[in-house]
Protein chains: 2
Amino acid sequence: MTDLKSGPNPLFLRHDQLHQGIELLFYAYRDFTAECDAILATYGFGRAHHRVIYFVARSPSISVAELLAILRITKQSLSRVLSQLVSEGFVSVQKAQEDRRRRLLQLTDKGSVLERRLSEVQRARIGAAYRAAGGDAVEGYRKVLLGIIDENDRRRFEE
Amino acid sequence: MTDLKSGPNPLFLRHDQLHQGIELLFYAYRDFTAECDAILATYGFGRAHHRVIYFVARSPSISVAELLAILRITKQSLSRVLSQLVSEGFVSVQKAQEDRRRRLLQLTDKGSVLERRLSEVQRARIGAAYRAAGGDAVEGYRKVLLGIIDENDRRRFEE
DNA sequence: GATTTTAAGTCAGTCATGTTGACTTATATG
DNA sequence: CATATAAGTCAACATGACTGACTTAAAATC
């Protein structure tokens, strides 16, 4: 039962194959975040600040509710990091014209500088991994991670 | 400058391609851990307990120092969760015969039950993603994540 | 126009998990 | 015997998550 032959595309996945995939995700996430954590610490920020900065950069004028849906945290949790970022001049807020209840978030120039610094580090790491692995591997990486993500959030990656 | 054609294995990686890869990792990690977090909460445990249980299961008789090297946390951080797991009977400790300073960790039967429950959830998720993506994609997933991991830790994945 | 719903913010308290620093104990090694 | 190593401990602190209760302002609905 344990020594089934594993072809190139096995229908039956052995536990140790799956555990390898689990561990790769753990180690990769650990190392992917570590460099930025060190940079953020020099600003008195943490990983939570990075996530806000990152997603505001990707979607300028994102609303608070949209950001909460991405991060899957409570508004009280977001509030602490967001109000820090706003009061220290990394993020600016303006009311939406159509619906003046909504607050739209942008990076300030200062915020953009930090975002670029952080993103350059992460692009360098993932870029090196992409180049070393090759284009087909990148496609596989995308397919598998997309399959891990909750179904409702996969549409974020349709182009 | 922005509309370079992207072949199947582009040497030049556009920022938005890299950002997609970054976001896939973020969402996948977020969703990969969420289910287990909910199970762990019913035991009064958190993600840190899971990591200990997981890696002790993979390497029975792992030492405290080896576990610290994997988790990249301080011994004081590990101490809290590990001593909880030991006092509640999920992990057992015994001195190494050759070097009686080293403490070797094992799962108890109770610990193994929990480990299997958690790993089944994660194997199901990654297994479904693997099957949906196909064998070549899995190979790509592995290659890219391996490239993201710090060089010194890549040897963990040599067989 | 009054009521209800929605978007966001706030206050207060708690918990999990990480950190640093200082120190102890037991054991192995030079 | 002296030193180095593996592990544990005590204390204090930071970060980032949580729940619950409440407020404010604006939009939507009855």
Side-chain angles (χ1 to χ4, degrees), chain A residues 26 29-30 33-34 36-56 61-88 91-105, chain B residues 26 29-31 33-34 36-56 61-88 91-106:
Chain A
F26 166 76
Y29 197 83
R30 182 197 69 175
T33 50
C36 283
D37 286 351
I39 295 170
L40 290 155
T42 69
Y43 288 78
F45 291 155
R47 204 175 287 179
H49 301 84
H50 187 191
R51 294 198 272 248
V52 172
I53 288 171
Y54 179 88
F55 285 107
V56 171
S61 293
I62 191 174
S63 71
V64 171
E66 287 166 329
L67 197 48
L68 288 174
I70 290 172
L71 301 176
R72 297 249 184 103
I73 57 175
T74 59
K75 64 179 172 179
Q76 296 93 326
S77 283
L78 175 59
S79 171
R80 186 171 21 201
V81 292
L82 181 55
S83 53
Q84 265 182 281
L85 289 168
V86 171
S87 73
E88 296 184 29
V91 171
S92 67
V93 184
Q94 61 179 115
K95 291 186 180 175
Q97 291 183 330
E98 345 76 61
D99 182 345
R100 287 159 40 77
R101 291 171 304 181
R102 302 177 71 221
R103 307 297 156 88
L104 307 183
L105 308 175
Chain B
F26 166 76
Y29 196 81
R30 182 198 68 175
D31 295 341
T33 50
C36 284
D37 286 351
I39 294 170
L40 289 156
T42 69
Y43 289 78
F45 292 153
R47 202 175 290 179
H49 301 84
H50 187 190
R51 293 199 271 248
V52 171
I53 287 170
Y54 180 87
F55 284 107
V56 171
S61 292
I62 191 173
S63 71
V64 171
E66 286 166 329
L67 196 48
L68 287 174
I70 290 173
L71 301 176
R72 295 249 183 105
I73 58 175
T74 59
K75 64 178 172 177
Q76 295 92 327
S77 280
L78 175 58
S79 171
R80 188 168 21 204
V81 292
L82 182 55
S83 53
Q84 266 183 279
L85 289 168
V86 170
S87 74
E88 297 185 29
V91 170
S92 67
V93 184
Q94 61 179 117
K95 292 186 179 175
Q97 291 184 329
E98 346 74 63
D99 182 345
R100 288 159 39 81
R101 291 172 304 181
R102 301 176 73 219
R103 306 297 155 90
L104 307 183
L105 308 175
Q106 286 91 23

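Naming: A, B, ... by sequence-line order, numbering from 1 per chain.
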Qualifying residues under side-chain hydrogen bond (donor to acceptor under 3.5 Å, both in side chains), relative to A:Ser92, sequence neighbours excluded
none

Each nucleotide in nucleotides 2-15 of chain C should get exactly one letter: B, S or -. Can you fill that in based on protein heavy atoms under 4.0 Å?
----BSBBBB----

By side-chain contact (heavy atoms from CB on, under 4.5 Å) - contacts of B:Ser63 (at least two apart):
B:Ala65, B:Glu66, B:Arg102, B:Leu104

Of all pairs that satisfy salt bridge (charged side-chain N to carboxylate O under 4.0 Å, His left out), the ones with a partner from residues 69-79 of chain A, not counting sequence neighbours
A:Arg72-A:Asp150, A:Arg72-A:Asp153, A:Arg72-B:Asp31

Answer yes or no: is there a side-chain heavy-atom contact under 4.5 Å between A:Tyr43 and A:Glu88?
no

Whole-Å gap separating P (C:dT19) and CG (A:Asp37)
10 Å

May I ask you to list the residues of residues 46-54 of chain A, by number, that have any heavy atom positioned under 4.0 Å from an atom of DNA chain D?
A:Gly46, A:Arg47, A:Ala48, A:His49, A:Arg51

Rounded distance (Å) that lies between atom P of D:dA6 and atom CD1 of B:Ile62:
14 Å

For B:Ser61, give me all partners under side-chain hydrogen bond (donor to acceptor under 3.5 Å, both in side chains), at least two apart in sequence or on another chain.
B:Gln106

Sequence neighbours excluded, which residues qualify as side-chain hydrogen bond (donor to acceptor under 3.5 Å, both in side chains) partners of A:Ser79?
none

Which residues share a side-chain contact (heavy atoms from CB on, under 4.5 Å) with B:Arg80, sequence neighbours left out:
B:Gln84

Does OP1 or OP2 of D:dG16 have a side-chain N or O of A:Ser77 closer than 4.0 Å?
no

Base, sugar-phosphate alone, or nothing: which one does A:Glu98 contact when heavy atoms must sit under 4.0 Å apart?
sugar-phosphate

Looking at residues at least two apart in the chain, or sitting in another chain, which of them share a side-chain contact (heavy atoms from CB on, under 4.5 Å) with A:Arg103?
A:Val64, A:Val93, A:Lys95

Counterpart residues, side-chain contact (heavy atoms from CB on, under 4.5 Å), relative to A:Ala34 (two or more places apart):
none

Calculate the interatomic distance between B:Leu78 atom CG and D:dA7 atom P; express it in whole Å.
10 Å

Set of residues satisfying side-chain hydrogen bond (donor to acceptor under 3.5 Å, both in side chains) with respect to A:Tyr54, sequence neighbours excluded:
B:His19, B:Glu23

Double-helix bend of the helix from C:dG1-D:dC30 to C:dG30-D:dC1, axes at both ends from 5 pairs, round to 10°, gives 20°

Starting at CD of B:Gln97 and ending at C1' of C:dA28, how long is that distance when rounded to a whole Å?
16 Å

In whole angstroms, the gap separating C1' of D:dA14 from CD of A:Gln84 amounts to 11 Å

B:Leu71 side chain near B:Leu68 side chain, heavy-atom distance below 4.5 Å
no

